[in-house]
Amino acid sequence: MYKLVCVHCGAEYPPDAIVYNCEKCGHLLAVKYDLSKITITHEEILQRPISLWRYKEFLPVKIEPVTLQEGGTPLYHLKKLGEEMGLTNLYAKHEGMNPSGSFKDRGMTLGVSMAKQLGKNIVACASTGNTSASMAVYAAKAGMPAVVLLPAGHVALGKVAQALMHGAKVISIRGNFDRALEMVHELCLSHGIYLLNSINPYRLEGQKTIGFEVVDQLGCVPDRIVLPVGNAGNISAVYKGLCEWKEIGYIDRLPKMTAIQAEGAAPVVAAIKGQLPEVIVEQNPETVASAIRIGAPVNAEKALRAIRETGGTAESVTDAEILAMQRDLARYEGIGVEPASAASVAGIRKMAEMGLLDKDEKIVCVVTGHLLKDPETVIKQCAPPIEIDPTIEALLAVL
Ligand SMILES: Cc1ncc(COP(=O)(O)O)c(C=O)c1O
Ligand SMILES: N[C@@H](CCOP(=O)(O)O)C(=O)O
């Protein structure tokens, strides 16, 4: 019981239409459910084991899904870092604990399942790394060929390794992610390949379940959900899901949606701070957090709406602040994340220092990808292992 609806002009399309941009105005589409037909109660959902598929009534997949058990990721209370920042209720939702090590698996279990449901048998994406790793994993599981376009020289090693090992056709282009996305979009339209970037409305349906899980694990709606933002699909998806839950009556308010970007790739922050109606594309985005090295976020319109309609905000952090938080999460909380993921918590540290947060606010930072995704950045930051002769004396001498 759903249709596709343009997020800008409201034009409607049937659920089996393979359309990414509205044919009338060119904007993106979203899945719209007839929520009056969903009769399951929140209490009944809570009886099911925690997993993305617990929320199947709010998802469009009608066939046996292509799944590797995504979702059900841990929500950690950041006691030490919270104390340092003067925050008593600071949490991290560790999306790096999904099967391929990032939140993209929530999108790809949906995206690849929908490819199957719609009779498509080749999938493709452009990627700063995680989207391609995840798509390769789920395409392998489904037995579908996968084509990946990466910005040459700007993708973390672990992610390239995953895409290659899971059997995708991996192509590096001498250009940035934004150009790779334009190219793959064109390829998919002209060759009937199913596009699995976040302009695919079904993919984002999977990602909205992050918000559902946060509410269910916390036992209430947090005051604020904080996400690192690149192409802005995830923040839009979480907001969409929570709006659905508010409409159906599972929750009675929305969290302040808060976007954190790297200083060198911050068009959403610029639009929020400058009160602009839309983002101005950043031609040369640059940051150590390669996952969010994106200058033309395709979901920006939805993200700006999510932030503005919830009284949220957007903040940027420097590469140094991102890397410091990556280390602090690892050393004080035992949580290993990649640089882009640390941006959300780094943003909260900055906002706390600026006096913008209430000490008792319930804040959930989504940490989006695992530490092992980007080993090179980790190795550059840490002292190398100490090499010694194989004797006890030598060992004791360095301890
Ligand atoms: C680890 C990681 N964090 C954050 C993001 C940003 O998500 P989005 O593009 O949905 O804003 C991405 C990808 O873009 C990512 O791979
Ligand atoms: N970080 C992303 C880039 C955006 O991809 P999207 O399809 O989610 O918009 C990646 O991992 O490639």
Side-chain angles (χ1 to χ4, degrees), residues 20 28 93-96 98 100-108 110-111 123-136 148-151 154-156 158-160 162-163 168 170 176-178 180-181 184-185 188 195-204 206-208 210 226-240 257 259-262 265-269 279 285 287-300 302-304 306-307 314 322 326 336-347 365-374 377:
Y20 308 107
L28 297 180
K93 173 91 173 138
H94 196 347
E95 285 296 295
N98 275 298
S100 84
S102 85
F103 70 97
K104 304 284 179 174
D105 296 340
R106 294 183 188 263
M108 288 303 170
L110 258 285
V123 290
C125 70
S127 185
T128 56
N130 282 323
T131 295
S132 62
S134 182
M135 191 186 79
V148 162
L149 264 68
L150 305 178
H154 289 284
V155 179
K159 305 173 187 181
V160 184
Q162 287 178 294
V170 179
N176 65 20
F177 166 81
D178 302 309
L181 183 53
V184 79
H185 194 174
C188 288
L195 180 56
L196 281 180
N197 277 105
S198 59
I199 66 170
N200 181 312
Y202 294 121
R203 207 197 93 188
L204 290 183
Q207 292 174 215
K208 78 183 180 187
I210 295 174
V226 190
L227 294 107
V229 167
N231 226 1
N234 214 26
I235 191 168
S236 314
V238 172
Y239 171 68
K240 176 184 187 283
M257 299 303 299
I260 309 296
Q261 295 196 291
V268 171
V269 178
V279 297
T287 167
V288 69
S290 56
I292 51 174
R293 185 176 171 270
I294 294 175
V298 289
N299 295 285
K302 292 182 279 172
L304 293 179
I307 295 164
I322 290 173
Q326 185 189 24
V337 300
E338 66 169 289
S341 313
S344 57
V345 195
C365 297
V366 182
V367 295
T368 41
H370 201 277
L371 173 89
L372 294 173
K373 290 281 189 170
D374 188 354
T377 305

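This chain uses plain numbering: 1 for the first residue, then up along the sequence. In each ligand, atom 1 is the first atom listed, and ligand 1 is the first ligand listed.
- Contact annotation for Q207 and ligand 1: no heavy atom of the residue comes within less than 4.0 Å of the ligand.
- Both the backbone and the side chain of A291 come within contact range of ligand 1, each with a heavy atom under 4.0 Å.
- Backbone and side-chain nitrogen or oxygen atoms of N130 are examined, and one is located within less than 3.5 angstrom of a nitrogen or oxygen of ligand 1.
- Between S341 and ligand 1, not a single N/O pair is under 3.5 Å apart.
- Considering backbone and side-chain atoms alike, I294 places every N or O at 3.5 Å or more from each N or O of ligand 1.
- Nearest to atom 6 (C) of ligand 1 by heavy atom, out of S134, S236, G230, is G230.
- Checking N234 against E95 by side-chain atom types alone, no donor-acceptor pair falls below 3.5 Å.
- Here is the list of ligand 1 atoms found below 4.0 Å of a heavy atom in G233: 8 (P), 10 (O), 11 (O).
- The contact shell of ligand 2, taken as protein residues with any non-hydrogen atom closer than 4.0 angstrom, comprises K104, S127, T128, G129, N130, T131, F177, N197, S198, R203, N231, A291, I294.
- When heavy-atom distances to ligand 1 are checked against a 4.0 Å cut-off, I235 has no atom that comes that close, whether in backbone or side chain.
- N299 and S236 share no side-chain donor-acceptor pair at under 3.5 Å.
- No part of K373 comes within 4.0 Å of ligand 1, judged by heavy-atom distances.
- Using 4.0 Å as the threshold, S102 has no heavy atom nearer than that to any atom of ligand 1.
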